Amino acid sequence: MDASSYNAALADLRTVRDDIKKAQATLAKLEAERDKHLARLADYAKAKAERIAPAAGLSLAEVVARVPALAPQTLADTAPVEDRAPAPEAAPAPPHEPQPHVPQPAAEPAAAQSAEARPQPSPVPAGVSAPAAQSPEEPRVLPSIPEGEAGDAWFAHTKNLSSTRPNFVQQARSTVFLDTDTGVLVHRNDTHHLDLGTRTAAEILTAVFHILPEGVDRIYITAGDPWHRDADRHPYLRDAVAAWLNAPTPGWRTDTGRGRDKMAGHFVHARHPVARYMRDDESQHVEIRSMGEWFDLDGDTPATARDAFVLLWQALRRHFDDAVLMGSPSQTGRDLWTRTIPARGQHSEGFPVLSEELRGLLHATAGQGRNELIVPPRVPERLPQLVEYDRTFAYAKHTWKSPVGTPRRITGRQFAAWPEKEQNRALYGCGHWHIRVTVPDTWDHVGLLPAPAPGDRAWHYPATPGATFTTWAGGPEIHTALTNPLTPWKIEILDGILWEDGKPLDDWAKKLKEAWANLSAQAHFQQDPPQARAAHLAARAVRSILLYGIGSFAQRPRMVTGTTPRTQERDVPADAEIIGFDDETITWHKPTGFSRDPNAHPEWAAAIWSGARAALLTQRHRADDTYAGALHAAPGTVIAFRTDALYLIQPQAWPHHGQPGDYLKKGHLTGPLTAPTSEEQLLALRDAGRTALTTIPAGA
């Protein structure tokens, strides 16, 4: 670029700046006009916020925040818990252990054209008083178990709800793989080239069913992300996805479900949505899904994705006689697990589901992966290097022991009265504990236990000497804090939940680990590069089945998402929040609480997550007679935790034998480097470090 071009570009930039200012001024004027209308409407004695909200394009909470007089009594009674405006689009889940998205059968309110269940922010469990409204800067106050009989009543199972072995054979679905950038479609051993036009759902359905008139059940998009085609016209990706899903599809309508694995409506997700359609005459049903639910493709062809699915199915069939690949890894994982429930003997009657109160408590107090960035002055401002260690297939390491049976309440007084041996046995067992923690006065390393931080589901790890905080934690983390190789932490047990030790996931996980190991070996020894790549992707898919399967046991409370025509805005549910609208439809969501899911076992997910977080701190390698983890690196050398990965400024001689839980050196970037102070900076350094370290063992 020469000086003339530079000056011209500056002039263009100033023009854009002025246009932005004008647009902002226009927007501010329109918003002020809207608020005046709201104030005038409030003068009407029978005005209702639930009627006004969709007309204003606001959520119920936003209307009430602007005009408190419109607050309905039901909202006023629960405002501290649910009166929250919709948040901007969240950042994508961490790449190591992404949060699962488990669709559920959706409600069908009047005029709703699509509905789907998705996780919602942590609720306060039933029976627990909500804390007073807090400042965004204040840490969350975690719920506790009520005193006396009210709390004791939580320690039971939900009546007539248990995980049981299925008595039917899961039906396979006809599947195709489609690259919407190139129009290449792979169906079994055939390859077709389609004209997809502008890549709307209607054009994709028309093109696919023209080539395959007998129909298919599932279309996996391997590249192109057609639901993002109009992303520049929407403020958030989710809005663009919702618009793509709800666009007209002549001859088709939103599916209302079929069969035993009934799924109703579309799943609105920013990056991995699920579109479900059926013919107007209900003669055909089809899903359009993202291949990214299973594994990350890096320029791979639809044929490679097809080969990976074939290898995946073959590997699973060696261990599960009736294995069927379902729409998502979480669905597949749960289905395979149910087929390992004993047909006779212990647990043949199934695994009962906890009370809704305990499930809510676990949801609110048991986090998933540890994600923490440690910044100066706790670490140097200039780093000599950055080394990434990633725990291979981490969660598979922690499935050997899980809670079973009816949980017992252990009060602080009961625990204190026990002899030390019994206390240690309880903390090493399957439990979830309400504790008061004090960091040692001489502590100079990373934090060991999660504490609630500002924001929904946010956690941090206090490490300031002498700091005291109250939190909930699993047995593995508490045991680690008390027996860590540096200095024992002070922990006071306030209350707790204790189960018997069992192995409900052991058989399932062992079979998946064997399938993963076999596919990883194929990827390493296969001489044909495309087949080696397919085997690697299949191994990643097995990993997803286990990880997402574990996540699905958590069974978070659901939000139903739906759309209503603008002409029928009266039918928007009164307790719904408006999350988007256009000239034709209003998109909303509303909480539905916990579903009666027979496979809801948040106690299993919480125990595995706690064990994985503890292993990031210290993990023994018996065969090598050594330890690995953050506490075995020098103080001040740990830069970050990211679910199952550690970032250090010094390399470590930790053993890696390709087994689940081993620390794999995955990136190494030499410095000097400026210490990252944001997630974006850390990820940029991570990517550079992975590129610099060119040799990465297959199967990692």
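All values below come from the heavy atoms of this structure, side chains included, with hydrogens, waters and symmetry mates left out. Since we're looking at a predicted model, the values are computed, not measured.
Here the side chain of Thr626 pairs no donor or acceptor atom with the backbone of His621 at under 3.5 angstrom. Using modelled atom types, one side-chain atom of Arg317 and one backbone atom of Ala323 make a donor-acceptor pair closer than 3.5 Å.
Both the sub-6.0 Å distance and the 45° axial angle are satisfied by Arg339 relative to the ring of Phe168. Relative to the ring axis of Phe209, Arg279 places its NZ or CZ within 45° and under 6.0 Å from the centre. Annotation: cation-pi geometry satisfied between Arg370 and Phe641 (NZ/CZ under 6.0 angstrom from ring centroid, within 45° of ring axis).
Among Leu196, Thr198, Thr249, the single residue meeting the side-chain contact (heavy atoms from CB on, under 4.5 Å) criterion with Glu203 is Thr198.
Not less than 6.0 angstrom separates the ring centroid of Tyr647 from the ring centroid of Tyr389. Aromatic rings of Trp313 and Phe320 (six-membered ring for Trp) have centroids beyond the 6.0 Å cut-off, not under it. For Tyr277 and His266, the gap between ring centers is short of 6.0 Å.
Arg391 and Gln619 are linked by a side-chain donor-acceptor pair at a separation below 3.5 angstrom, with hydrogens and angles left out of the test. Side-chain contact annotation: Glu514 with His319, donor-acceptor N/O pair under 3.5 Å present. If you check the side chains of Trp654 and Tyr627, you find no donor sitting under 3.5 Å from an acceptor. Under 3.5 Å, the side chains of Gln170 and Asp322 contain no donor-acceptor pair of N or O atoms. When only modelled atom types and interatomic distance are considered, Asp662 and His656 share no side-chain donor-acceptor pair under 3.5 Å. A donor-acceptor contact closer than 3.5 angstrom is absent between the side chains of Asp179 and Thr222.
Within 6.0 Å of NZ in Lys503 there are more than 12 heavy atoms belonging to other residues, nucleotides or ligands. By the neighbour-count criterion of 12 heavy atoms within 6.0 Å, atom CG of Asp528 is densely surrounded, having more than that number from other residues, nucleotides or ligands. For Asp195, the CG atom sits in a loose shell: 12 or fewer heavy atoms of surrounding residues, nucleotides or ligands are nearer than 6.0 Å.
Atom-to-atom distance recorded for Arg253:CZ and Met278:CE is 3.0 Å, nearest 0.5 angstrom. To the nearest 0.5 angstrom, Asp225 atom CG is 7.0 Å from Thr180 atom OG1. Between the CZ atom in Arg686 and the CG atom in Leu682 there is a gap of 7.5 Å [rounded to 0.5 Å].
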Worked check of salt bridge (Lys or Arg N to Asp or Glu O under 4.0 Å) between Arg334 and Asp597: CA-CA 11 Å; Arg334 283 185 300 169; Asp597 182 353; 3.6 Å; yes
Worked check of side chain to side chain donor-acceptor pair (under 3.5 Å) between Ser330 and Ser328: CA-CA 5 Å; Ser330 62; Ser328 69; 3.1 Å; yes
CA sep, side-chain torsions, deciding dist, call: Val216, Thr175, side-chain contact (heavy atoms from CB on, under 4.5 Å): CA-CA 6 Å; Val216 295; Thr175 302; over 6 Å; no
Salt bridge (Lys or Arg N to Asp or Glu O under 4.0 Å) between Arg233 and Asp230, worked out: CA-CA 6 Å; Arg233 296 172 51 189; Asp230 291 329; 3.6 Å; yes
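Under the 4.0 Å criterion applied to side-chain N and carboxylate O atoms, Arg642 and Glu372 are not assigned as salt-bridge partners. Taking a cutoff of 4.0 Å between a charged side-chain nitrogen and a carboxylate oxygen, Glu293 and Arg289 qualify as a salt bridge. Salt bridge present: Asp181 and Arg199 bring a charged side-chain N and a carboxylate O closer than 4.0 Å. Salt bridge annotation for Arg690-Glu388: present, with a cationic side-chain nitrogen under 4.0 angstrom from a carboxylate oxygen.
Every residue two or more places apart in sequence or in another chain was checked for a side chain to side chain donor-acceptor pair (under 3.5 Å) with His193, and none qualifies. Listed by chain and number, the residues in a side chain to side chain contact (heavy atoms under 4.5 Å, CB included) with Pro504 are Phe351, Ser402, Val404, Trp604 (sequence neighbours excluded).
Here the closest heavy-atom approach between residue Arg229 and residue Trp244 is recorded as NE-CD1, 3.6 Å. Pairing each heavy atom of Gly333 with each of Trp508, the nearest pair is O-NE1, 3.2 Å.
Residue pairs meeting the salt bridge (Lys or Arg N to Asp or Glu O under 4.0 Å) criterion with at least one member in residues 599-616, sequence neighbours excluded, are Glu477-Arg613.
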